[in-house]
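Beneath this line is the structure, given in structure tokens, with notes to follow.
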Amino acid sequence: MAVIAAGVTGCTHDGDRGGAGGATTAPRATPLRDLTYVEETRLSDAEQRLVQLCMERHGFRYGQRERLTLEEERPVGYVQDDVTWAREHGYGSRIREKTDRARREDPNYRYRAQLPATRGTAYDTALDGGRDAKQLSVDVPGGGTIRKHVGGCLAEAQTKLYGELRTWSRADAVAGNLRPLYVSDLLRDKQFTAAVAAWARCMRQSGHSYADPAEARDDVAKRSLSRPGSEAFRFETRVAVADAECARETSLKATGTEREAYYVDRLRDRYGADLDTYRRLRLHALDRAEKIVGPRG
């Protein structure tokens, strides 16, 4: 089950020694902030622009697929409490269709497909290093290893944004794989389950009987398969609006965010340094991205 994206992490400093025989405890430093989804799109756009420039240096075309608007990019987590957004987009089914269409119609796939064999191999090598690209292996929290090939313009773009790739890959892997370590505790958390129960009561009063937001979305997706497109979207929107209104009324999102922050913070002794590195590198990358591309409309 997906949960609210949160993660409240910060930096700490060792206390300065002071006085005749004791130590003073330094105050906790200001936490490194996470990026907004608007800032994340700026990073993504900058990376694509760097790849494009690099590929052009190698003599190849590289274009960007159709992009979403910032409103469409807005992430829909486990809890969505923006009633206006829900009224316009429901749970985002039409946005997902737009994304899928853009992926199928990616101009780079068509361009690569029409290249002669030797040029196609050269394209692959320029883009990601090809078959001889260096492989990075990163252990992830909870066990397992992520292996990825790094080379070509993709590696060059990430290096320009984030710096040394092994450091960035380690931090990124940790930040992206912490959730399995605490999600079961969060879903059993008394404050969180009480908020979900309050949400469910609110939904029943609105005429929708669901145990939690995940069940609501799953039901909407299943029912949409047997309904005409416009009718399915009206149903999706109706449930999504009630979901968002109940989430706002019961403060479900705020509760989930606060409780998730609590469980993430309990992992700081093991992964705090990696989380701080992740946020620091992304903030530095954002500074660089703002010099490469403008904001998305």
Side-chain angles (χ1 to χ4, degrees), residues 1-6 35-45 48 63-111 113 179 183 187 192 195-257 293-297:
M1 183 184 294
V3 292
I4 314 103
L35 300 187
T36 67
Y37 79 91
V38 174
E39 292 169 332
E40 288 181 339
T41 64
R42 194 79 171 266
L43 275 184
S44 175
D45 291 348
Q48 286 300 297
Q64 293 193 8
R65 65 177 63 153
E66 180 185 7
R67 299 190 306 182
L68 301 177
T69 65
L70 282 179
E71 181 180 348
E72 292 170 334
E73 285 277 13
R74 184 171 189 151
V76 182
Y78 179 67
V79 181
Q80 206 293 101
D81 64 354
D82 188 326
V83 178
T84 301
W85 195 94
R87 190 170 287 118
E88 178 70 21
H89 302 288
Y91 284 123
S93 63
R94 290 183 172 177
I95 296 173
R96 289 190 294 275
E97 290 173 1
K98 181 178 178 180
T99 301
D100 290 342
R101 183 176 64 252
R103 186 179 297 110
R104 292 192 302 269
E105 298 173 357
D106 190 327
N108 299 307
Y109 292 151
R110 295 197 301 270
Y111 175 71
R179 191 163 292 148
V183 66
L187 294 177
F192 182 67
V196 171
W199 175 92
R201 289 193 297 272
C202 176
M203 288 292 282
R204 284 196 297 273
Q205 293 170 1
S206 299
H208 306 286
S209 182
Y210 298 114
D212 55 45
E215 185 178 67
R217 291 177 203 192
D218 288 346
D219 183 60
V220 166
K222 290 175 184 177
R223 294 196 190 193
S224 296
L225 296 176
S226 60
R227 296 170 183 246
S230 58
E231 181 182 338
F233 189 67
R234 283 195 297 271
F235 175 67
E236 174 187 340
T237 303
R238 187 163 61 250
V239 177
V241 168
D243 182 344
E245 289 174 339
C246 287
R248 186 172 289 265
E249 180 179 325
T250 60
S251 299
L252 178 57
K253 186 172 185 176
T255 300
T257 300
V293 293
R296 190 183 299 189

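When a residue number appears, it is its place in the shown sequence, counting from 1.
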Q: Determine the minimum heavy-atom distance between Leu252 and Pro213, stating which atoms define it.
A: CD2-CG, 4.0 Å

Q | Sidechain-backbone polar pair: Glu215 side chain, Ala211 backbone, donor-acceptor under 3.5 Å | A | yes

Q) Does a donor on one side chain sit under 3.5 Å from an acceptor on the other, for Tyr91 and Asp243? A) yes

Q) Do Tyr210 and Val239 come close enough that some side-chain heavy atom pair is under 4.5 Å? A) yes

Q. Does the pair Arg87 and Glu245 meet the rule for a side-chain contact (heavy atoms from CB on, under 4.5 Å), with working shown?
A. CA-CA 11 Å; Arg87 190 170 287 118; Glu245 289 174 339; 4.1 Å; yes

Q.
Side chains of Asp82 and Arg74, heavy atoms from C-beta outward: is any pair under 4.5 Å?
A. yes

Q: Carefully, step by step, assess Ser224 and Ser93 under the rule side-chain contact (heavy atoms from CB on, under 4.5 Å).
A: CA-CA 10 Å; Ser224 296; Ser93 63; over 6 Å; no

Q) Between OG1 of Thr237 and CZ of Arg94, what distance do you get to the nearest 0.5 Å? A) 7.5 Å

Q. Salt-bridged, Arg42 to Asp45, with N to O below 4.0 Å?
A. no

**Q.** Interatomic spacing from OG1 in Thr69 to CD1 in Ile95 - rounded to 0.5 Å
**A.** 7.0 Å

Q | Exercise: identify the closest heavy-atom pair between Trp199 and Thr250 | A | N-CG2, 3.7 Å

Q: Can you measure from CZ (Arg67) to OG (Ser44) and round to the nearest 0.5 angstrom?
A: 8.5 Å

**Q.** Residue pair Arg65, Glu105: steps toward the side-chain contact (heavy atoms from CB on, under 4.5 Å) verdict
**A.** CA-CA 7 Å; Arg65 65 177 63 153; Glu105 298 173 357; over 6 Å; no

Q: Could you grab the distance from atom CD of Glu66 to atom NZ of Lys98, nearest 0.5 Å is fine?
A: 5.0 Å

(Q) Looking at every heavy atom in both Ala86 and Ala244, which two are closest together, and how far apart are they? (A) CB-CB, 4.2 Å

Q. How many angstroms lie between NZ in Lys253 and CD in Gln80, if you round to the nearest 0.5 Å?
A. 6.5 Å

Q: State whether the side chain of Asp212 and the backbone N or O of Ala200 hold a donor-acceptor pair below 3.5 Å, judged by distance alone.
A: no

Q | Sequence neighbours excluded - salt bridge (Lys or Arg N to Asp or Glu O under 4.0 Å) pairs with any residue from residues 229-239 | A | Arg227-Glu231

Q | From Leu68 atom CG to Glu73 atom CD, the distance as rounded to the nearest 0.5 Å | A | 4.5 Å

Q.
Does Tyr37, at its OH atom, have more than 12 non-hydrogen atoms belonging to other residues, nucleotides or ligands within less than 6.0 Å?
A. yes

Q. Under the 3.5 angstrom rule, does the side chain of Thr257 hit a backbone N or O of Ala254 as a donor-acceptor pair?
A. no

Q: Give the minimum heavy-atom separation between Val79 and Ala247, together with the two atoms involved.
A: CG1-CB, 3.7 Å

Q) Should the pair Trp85 and His89 be assigned to parallel (<30°), tilted (30 to 60°) or perpendicular (>60°) ring geometry? A) tilted

Q | Any donor-acceptor pair under 3.5 Å from Arg248 side chain to Asp81 backbone | A | yes

Q: Output, in order, the C-alpha distance, side-chain angles, deciding distance and verdict of salt bridge (Lys or Arg N to Asp or Glu O under 4.0 Å) for Lys222 and Asp219.
A: CA-CA 5 Å; Lys222 290 175 184 177; Asp219 183 60; over 6 Å; no

